[in-house]
Structure formats: C-alpha cells, structure tokens
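For reference, the structure discussed in these notes is given below.
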Amino acid sequence: MKDAIKKIVVDAAEQAFENGMLPSDQIPDIQIEETKYQTHGDYSTNFAMVSASIQKMSPRKIAQSIVLEIEAGKKGKNRSLVEKVEIAGPGFINFFLSNKAWHPVVDHILDQDKLYGSSNIGKNEKVQVEFVSANPTGPLHVGHGRGAAVGDSVGNILSFAGFSVQKEYYINDSGRQIKTLGTSVWLRLLQKRGEQIDFPEDCYKGDYIKEFANEILKKHGNELIKQDEKDAITVCARLAAKKILQGIKDDLSNFGVTFDQWFSEQSLYDSKRVEKAIDMFKSKDLIYEEDGALWFRTMDFGDEKNRVVVKSSGLTTYFASDIAYHMEKYERGFDRIIDVWGADHHGYIKRIDASVIASGKKSEQFEVILVQLVNLLRGGKPFQMSTRAGRFVTLKEIVDEVGKDAARFMFLSRSYDSGLDFDLELAKQKNSENPVYYVQYVHARITGILLKAKQEKIIHDIDFNRGENLNLLNEPAEIKLIKILNAFRENVEKSAVTLHPHIIFTYLMNLASAFHGYYNRHKVIGDDIKIVKARLSLVLAVKKVIRNGLTLLGVSAPERM
RNA sequence: GCGCCCGUAGCUCAGCUGGAUAGAGCAACGGACUUCUAAUCCGUAGGCCACAGGUUCGAAUCCUGUCGGGCGUACCA
C-alpha cells in the first residue's frame, strides 16, 4: 500500500516538473507514514518538507503543486485508491484512502495463508544465530530461558523475512568447568559410599549432582573405585556432561526451541583448529609472548587491554577456542554471525570483535544480541540464584508451572535491552493478567465463529482461501482491522532488521485489541447472509495473521480455550 | 575510574533510522453477558517523556554533559 502511495507522489512530482511547477526533478528520500490520527487520513508523506531545500520553495507551495497534479491525474491506476488528498500542518500531504483500497488485503491474506507476512528482504543471505550455549554443568535456568526465547524467535523472524538461517548451540564440553563437574560428582559418589569428605567451595552443589553420583555409583561404581582417581573423575565428567546435555536438549525441546546444529568446543581442539588459529595470528604478529603466556593484541582493535589466549600454565583460555570457533563459522560460509549473550558478558564483545576483524571480516558481519538479565522475584521480593550453591529456578520448573506459551510470551514481551522482572508468583498465575491469553483468545474465538458457521452450513470448511463480498466491509472497525492486518509484513521486516522480536509482540497485542473491540460491537453471524460471508472472510484473515505472528514467537495458536 | 544497558502514567513497559494532539497492559473508579467463548468490551481518571544545554522548520527520539539504577571491568568459565 505504501509503495502505491509513493508511486502516486513520485509520478505527481515528475509531472509537476514537466509542467514547470517545480524547478527540480530531483526526488529525495521520502517517507510514507501511517498517520496517528484519523483526521490526518490514512497515510501522509513528508515529501514537501524534505524537498524544500532542493526546490528552494516553501513546503506548503511544493505540496500544493503535488496535490494539484494528483488531482489532475485522476486516470492513473493507483489514483483510484485515493479518495482525498490534503495539505496539513507544515506541509504534510495526507492521503485519505477509499474503503475499496483495503478490501483486496483480505483476499491476499487468505490466499497467502501461512506465507502471509513473509518477504525476501534477506535475499537468502546466510546468517547464523548462536544462542543459549550454556555450559553442560547444570540445568538451564530462567536467564537461559530468555536467551533461548529471543534467539529462537530472531531465527524464525529472519527466516520469514527471507534470510537463510541456521540456529546453533555451542557446547562448552572442554576445559575446567567440565573437570569441576567430574570432581563434584566423584566426591559426592565417595560421600555416598560413606567416606568423610569436605565438599570444596568451588564445586557444584546442586542436588542433581548427588543424583548423578547415585546413578553412576549403581551402574559403574565397582569399576570406578578400582581406577585412578584422575581417570575416575574423567569418566564421571563425561557421563554427567552427557546426561546434563540431554536434559538441556529436553528442556529446550519442551520450550519449543530447536537447533539446526549442536557444535562441540572439544571438536575444535580435536581438529587442531585452535592451534592453527593461534599459529596463524602469531605469524601476523597479533599474538605475542609475555610473562610466559600468549597474548592477543586486541588493543589494536579498540579493546582496553590485550587478552590472554594461552596461560603460562600452558592451558588455553576460553577466548582461544572462541577465536577458532568464530573463524570456523565464517569458513562454513555464513555472511553474518549473530551471537545471543547475557548482558554480563558484554565486556567480551570487543575481544571477539577484534579477532573477527583480525581474521579479515568486516565488523558488521559479527553482531551480538545482548540480552539484559532476568531479575527473578518471588512475590515481589528478590530471589537470588547461584549455580554453585545449587539454589536456582530452572527453565523446566517455569515451563512445567506456567506453560511454554506463557513463558515465551513473557520473555518476548519486552525489548531485551531492558532488564526483565520475572515474578514466579505472578508467572504462575493463570489469569487475565497474562497477555498470552489475550492474543490466543482471538484465535480460539474466531475458530468458534467459523465452527458455528460451518454447522449452520454457511461455509463448507472453516478454512478457505477466497473472500466473499469483501466490498461490504465498510464499518470503521472493519477498515481499521484490515489496516492492521496489512501492516503485518512491515512489522515482521522491522523486527528482522532491528533483531527485536518484541515488535511482533506489540503488533499482536494491537491486532488482538482491535479484534476484541470489533467482536464486541459487531456480530459476524447475523441476518444478512452476504455480510456474514464478508465478515467470515475478515475474521479468518485475522485468525491467520494471529497464528503467523504467534508462530514466529514460538507460541501456539489454540483452537479452543 | 572506564565500558555497555536503562530512566516515559501509581506499577510493568511500548514508542527512539527526528514529524502534527506521547500509547498499551496492570492497578483505581463507573458501566456492558437471554447473543459467534465476559480469559472480552465501553467509559473516567492518571504525564515538566530524569535534569541541563546543543543541532533542526520540527526532539521522548540525534549530540554533549549531569544525576540516578543495573551489569561488567581475570593468566574465570
């Protein structure tokens, strides 16, 4: 619709130039915007204002010549959509569209169905979204849930907008935390056998560790005891990590989050990629030795200090494998890499950015979505979490208690740029305070209407792909609904460009509100069969758009509630 | 100290690639079920958009500074 309006404006401007009403044929970058107020029509453009310096004329004068040309060119194809054009304020040109301009939108939605809202602005660009990537040393907690919801939705939205997306989970299955995990399990196992052991401060204290210890003791206890402690710990680590990872996969799956690939950190060592990356940067003099350690010159790329890649002990740091990992991603052919991280990792961005640029990529090819922390509350009071102390609320707990849909909707309701208060008591409530029901209710309500219409033999099927009598949709509430439906694709695109899923949330709330208002004011199944058919077409279109939007957020669209 | 995020209605937050009269949910108050689902709707009330400068025809939006809150500043992961 906006494109059609833009064409009208541009055509008129060209015509005005030919007629000598405008001195220049230069067309600046203009905006066609939806208006905030009914009195300003449906769309407005700032053409006159931004052309003022080019044309060396006052905005209102420019606007006048444009309006004159539009009215003169009544025969133009798009022109018939416009009922009235007005000049307002400092020089806005306001367009009032006729109702019939909107009616085809309904047909278009019914026809496009699940594809409605999709686009190709991504041009199949290869994008990788990496998220969650929690260490397999314990179950996922609430904070991971937010990252999972954001990453998964961003992936969905980018795909829908025409990007070629791969979602990946990076498994930190190497290094010290895995060793700590093994030690934790091993010590619990020994305790279980009755040995008196002081459990170290830096080991994982969660109950799940004790459970693993029990299990391993039963299954492999006798063999383990005979082994060297060092080997036994390694075995414990391997078994526990495998078990935990499976738990993470299950939790994510129950949360509706899927990954295309699970990438192992250890594999980077096995394939010598870490070693090779270090050698490569050494040869470029970007890695040097000092105090017995190897340092990467991240300061050359704006970091506040250089960073260690190999400690004086000879062990590599996390940063070392991350350098290799990101290089490997580009080798796989991705044009863009998006990492979803918790805000507590923001100091890490410069470092990775430096290594990415050092490896010859452009800064824009690496982006980090920084998800601000989830502030967990219980009945309004802060609820502190610590993995080590074993006191935390897991993602599974949340999903079991409030449901996948409510949890995901909650996580995506706000921009991730802001911290999120997640109150356990509130989230557990299944009442109207939860916005997810507000939107899902639209879908269920419409299904109810369609089922009734089918029962009364008004329609054969509750799903159809052609509207009927759309020209009878002339109630203001109906036109308003169609306008919102029409804006869906634009919202998806905006969401994709800004990488902000909450735009979809806001859109859905807005659409749901418009629908509920319409529903309460107008009856779909009434006396006039022609109008009934028109309205059935409209509400079916609403239903499809609600479903498409919810799908992007990973929330289900129920037929009944 | 330095770096990142935030500061908008009583509360939680949208709006931020500058546009005309700043929005929603919750909470408060008053109404609407003999109807396709009241998990809904309609109405009332609620604002120095933290503060101070700057850029602009125009600033909640962009720039600078100040104040306030969160997070981070490891040869941890």
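- Residue contacts shown for A:Ala444 include a base, since a base heavy atom lies under 4.0 Å away.
- Taking atom P in both B:rC51 and B:rC67, one finds a spacing of 16 Å when rounded to whole Å.
- Between A:His500 and A:Tyr416, the ring-plane angle classifies as parallel under the 30° and 60° cut-offs.
- At the phosphate of B:rA38, OP1 or OP2 sits under 4.0 Å from a side-chain N or O atom of A:Arg445.
- Neither side chain, A:Ser495 nor A:Tyr507, offers a donor N or O lying under 3.5 Å from an acceptor on the other.
- Rounded to an integer number of Å, the gap from NZ of A:Lys523 to P of B:rA38 is 10 Å.
- Remark: P of B:rA20 and CD1 of A:Ile87 are 19 Å apart, rounded to the nearest angstrom.
- In this structure, A:Tyr518 places its OH atom 16 Å from P of B:rC36, rounding to the nearest Å.
- The listed nucleotides are B:rA14, B:rC41, B:rA39; the one nearest the side chain of A:Ser415 is B:rA14.
- Using C1' as the reference atom, B:rC76 and B:rG65 are 36 Å apart when rounded to the nearest Å.
- Put simply, CG on A:Asn172 and OG on A:Ser264 are 9.5 Å apart, with the number rounded to the nearest 0.5 Å.
- Residue-level contact check: A:Ser44 touches the bases, meaning some heavy atom is under 4.0 Å from a base atom.
- Relative to the side chain of A:Asp344, the nucleotides B:rA74, B:rG19, B:rG72 differ in distance, and B:rG72 lies closest.
- Distance from the side chain of A:Trp295 is smallest to B:rC75 among B:rC75, B:rC42, B:rC41.
- Under 3.5 Å, the side chain of A:Asn94 and the base of B:rA20 form at least one donor-acceptor pair of N or O atoms.
- Here B:rA24 presents its C1' atom at 9 Å from OH of A:Tyr438, a figure rounded to the nearest Å.
- You'll find that the side chain of A:Lys305 is closest to B:rC75, out of B:rG19, B:rA39, B:rC75.
- A:Phe301 is not listed as a side-chain neighbour of A:Asp353, based on a closest heavy-atom distance of 4.5 Å or more.
- One finds a side-chain N or O of A:Lys36 lying less than 4.0 angstrom from the OP1 or OP2 phosphate oxygen of B:rA20.
- Using a 4.0 Å heavy-atom cutoff across all strands shown, A:Glu304 reaches sugar-phosphate atoms only and no base atom.
- Taking only side-chain atoms of A:Asn46, from C-beta outward, the nucleotide of B:rC41, B:rG19, B:rC36 with the closest atom is B:rG19.
- Among the heavy atoms of the strands lying under 4.0 Å from A:Lys452 are primed sugar atoms or P, OP1, OP2 only; no base atom is included.
- The same atom, C1', is picked in B:rA14 and in B:rC4; the two are 22 Å apart, to the nearest Å.
- In terms of phosphate contacts, A:Lys311 brings no side-chain nitrogen or oxygen within less than 4.0 Å of OP1 or OP2 of B:rC75.
- For A:Asp417, counting side-chain heavy atoms from C-beta on, the closest listed nucleotide (B:rC6, B:rA38, B:rC36) is B:rC6.
- Between B:rA22 and B:rA9, the two P atoms lie 14 Å apart (nearest whole Å).
- One P atom belongs to B:rG30, the other to B:rG7, and the distance between them is 34 Å to the nearest Å.
- Side-chain N/O atoms of A:His502 include one lying less than 4.0 angstrom from OP1 or OP2 on B:rG15.
- As rounded to the nearest Å, B:rU73 and B:rA28 have P atoms that lie 43 Å from one another.
- Taking 4.0 angstrom as the limit, A:Tyr519 places a side-chain polar atom (N or O) nearer than this to OP1 or OP2 of B:rA38.
- Between A:Phe92 and B:rA20, a base-stacking contact is recorded: ring centres under 5.5 Å apart, planes less than 30° from parallel.
- B:rC4 atom C1' lies 4 Å from atom NE2 of A:His346, rounded to whole Å.
- Of all non-hydrogen atoms in A:Arg146 and A:Leu373, the two that sit nearest each other are NH1-O, 3.9 Å.
- Remark: A:Lys494 is in phosphate contact with B:rC16, judged by side-chain N or O atoms under 4.0 Å from OP1 or OP2.
- Here the P atom of nucleotide B:rG18 and the CD atom of A:Glu33 are 10 Å apart, to the nearest Å.
- A gap of 26 Å separates the P atoms of B:rC36 and B:rG31, to the nearest Å.
- With centroids closer than 5.5 Å and planes inclined by less than 30 degrees as the test, A:His40 and the base of B:rA20 pass as a stacked pair.
- Side-chain atoms of A:Lys543 and A:Thr447 include a donor-acceptor pair closer than 3.5 Å.
- Checked by atom type, the side-chain pair A:Tyr170/A:Asp339 shows no donor-acceptor distance below 3.5 Å.
- In the set B:rG19, B:rU40, B:rC75, the nucleotide with an atom closest to the side chain of A:Val50 is B:rG19.
- The nucleotide whose nearest atom lies closest to any side-chain atom of A:Pro90 is, among B:rU40, B:rG19, B:rA39, B:rG19.
- Here A:Leu370 lies in heavy-atom contact (under 4.0 Å) with sugar-phosphate atoms only.
- The distance between atom CD1 of A:Ile484 and atom C1' of B:rA24, rounded to the nearest whole Å, is 13 Å.
- When heavy atoms are screened at a 4.0 angstrom cut-off, A:Ala453 is found touching no nucleic acid atom at all.
- For A:Arg60 and B:rG19, the CZ to P distance is 20 Å, given to the nearest whole Å.
- Using the six-membered ring where Trp is involved, A:Tyr348 and A:His345 have ring planes that are perpendicular, over 60° apart on the 30 and 60° scheme.
- Comparing B:rC36, B:rU12, B:rC75 against the side chain of A:Ser312 picks out B:rC75 as the nearest.
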